[in-house]
Amino acid sequence: MRFVAKQPKEGINVSDTHPLVEASALVAGLAAIFAVIALLLVFLIEVALYFVSAEDEANLFAGWLPDDLTTVSHTDDRLLETQLLVDRLAGYWPEISYKFRVEIDDSEQANAMALPGGLIIVTQGLLDQVESENELAFVLGHELGHFKNRDHLRALGRGVVLSVFFAVVTGNDVAGIGIKAADLTLRGFSRQQETNADEFGLAIVHSEYGHVNEAWRLFERWKVVDNSFIDLVTYLSTHPESGDRIEDMRAHAEREGWKTEGEITPLHW
Ligand SMILES: [Zn+2]
């Protein structure tokens, strides 16, 4: 039999499936694989974060400040006074493992934040609004409550968790990866976390002053004064309202037998 060389058929190397369909199947497949890996990473990191001690956390974030933070001058009296007040209040938390650093954000909107490594940020707007040390002590005590329950770590956005993870694996400095305060408070807190932080803050205020008078006065003012609405909204963006917060605090103080009357300590500025 004589061999007759034939030309191969046209399109022998071309699949029957349209190239666009094949390409999108490939992209979808890859995306699914990456999504699974990312989810696994996030899950693993959340588990890992749970076991990261406050000391490790403080070391990792030592000297770190959010990228988007503009602080007031470090010679500002309010900074020193607020730091001293935090140190005094933290003294009522015996098993404390943070060394708190206070920074004042020059923002005019009232807010306070608990950030990784024991960093407490209060805004200039908040300091303008508090009328007594008792009011400020409660806001700070509430932030200490978030550290106590380590809510600030659970609130980390996934992007931040991944950035921190890669910084740790590659041996880089967390300070160099450019984390913004907005990313850190992305998820916000749950109602239960807020209630727990309120109760911890009240206990601290009670230990310091022997009563809880004016502890929640700032929030009462925000509720009635129209032009303070923006402050309430800003504050609520990082500390969501938990039902009737003021009523809950009053009821908690009553259950604990804490006095709601007592001498008010003026601010030192
Ligand atoms: Zn809060």
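What you see below is based on every heavy atom in this structure, not just the backbone, and it leaves out hydrogens, waters and symmetry mates.
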Quiz item: What side chain to side chain donor-acceptor pair (under 3.5 Å) pairs are there with at least one residue in residues 25-36, not counting sequence neighbours?
Solution: none
Self-check item: E194-H142 side chain donor-acceptor pair, cut-off 3.5 Å
Solution: yes
Practice problem: Pick out which of E214, M249, E208 makes a side chain to side chain contact (heavy atoms under 4.5 Å, CB included) with F138. | Solution: M249
Self-check item: Partners passing salt bridge (charged side-chain N to carboxylate O under 4.0 Å, His left out) against R78 (at least two apart in sequence or in another chain)
Solution: D76, D128
Exercise. Could I get the full list of ring-ring contact (aromatic ring centres under 6.0 Å, His included) partners for Y209, not counting sequence neighbours?
Key: none
Self-check item: Those residues that, when tested against E261, pass side-chain contact (heavy atoms from CB on, under 4.5 Å) (two or more places apart)
Solution: N213
Quiz prompt | Whichever hydrophobic residues join L84 through chains of side-chain contacts under 4.5 Å | solution = L80
Quiz item: Given the rule in the side-chain contact (heavy atoms from CB on, under 4.5 Å) test, do Q129 and L126 qualify, once you have shown the distances and angles that lead to the verdict?
Solution: CA-CA 5 Å; Q129 301 256 339; L126 181 97; 5.7 Å; no
Quiz prompt | With sequence neighbours excluded, residues passing side-chain contact (heavy atoms from CB on, under 4.5 Å) with V21 | solution = T17, H18
Practice problem: Would you mind telling me which of L89, V86, L127 makes a side chain to side chain contact (heavy atoms under 4.5 Å, CB included) with L136? | Solution: L127
Exercise. Supply the members, apart from L26, of the Ile/Leu/Val/Met/Phe/Trp/Tyr cluster built from side-chain contacts under 4.5 Å; use none for a lone residue.
Key: none
Self-check item: ring-ring contact (aromatic ring centres under 6.0 Å, His included) partners of H252, counting only residues at least two apart
Solution: W258
Exercise. With sequence neighbours left out, write down each residue that passes side-chain contact (heavy atoms from CB on, under 4.5 Å) with L236, or none if nothing qualifies.
Key: L232, E241
Exercise. Under the side chain to side chain donor-acceptor pair (under 3.5 Å) rule, collect the residues that match up with E254, sequence neighbours excluded.
Key: none
Self-check item: Cationic N near anionic O, under 4.0 Å, E55 to K99
Solution: no
Quiz item: So which of Y92, F147, W93 actually passes ring-ring contact (aromatic ring centres under 6.0 Å, His included) with F200?
Solution: W93
Practice problem: Verify the distance criterion only: is there a donor paired with an acceptor across the side chains of E143 and H239 at less than 3.5 Å? | Solution: yes
Quiz item: Got a sec, which residues hit side-chain contact (heavy atoms from CB on, under 4.5 Å) with A58, two or more places apart in sequence or on another chain?
Solution: none
Please tabulate, one pair per line, all N/O donor-acceptor pairs under 3.5 Å involving side-chain atoms of residues 103-122, not counting sequence neighbours.
{"from": "E103", "atom 1": "OE1", "to": "H74", "atom 2": "NE2", "distance (Å)": "3.0"}
{"from": "D105", "atom 1": "OD1", "to": "S107", "atom 2": "N", "distance (Å)": "3.0"}
{"from": "S107", "atom 1": "OG", "to": "Q109", "atom 2": "N", "distance (Å)": "3.1"}
{"from": "Q109", "atom 1": "OE1", "to": "T234", "atom 2": "OG1", "distance (Å)": "3.4"}
{"from": "N111", "atom 1": "OD1", "to": "T238", "atom 2": "OG1", "distance (Å)": "2.8"}
{"from": "N111", "atom 1": "ND2", "to": "T234", "atom 2": "O", "distance (Å)": "3.3"}
{"from": "N111", "atom 1": "ND2", "to": "T238", "atom 2": "OG1", "distance (Å)": "3.3"}

Practice problem: Scan side-chain atoms only and decide if N149 and Q193 contain a donor-acceptor pair under the 3.5 Å cut-off. | Solution: no
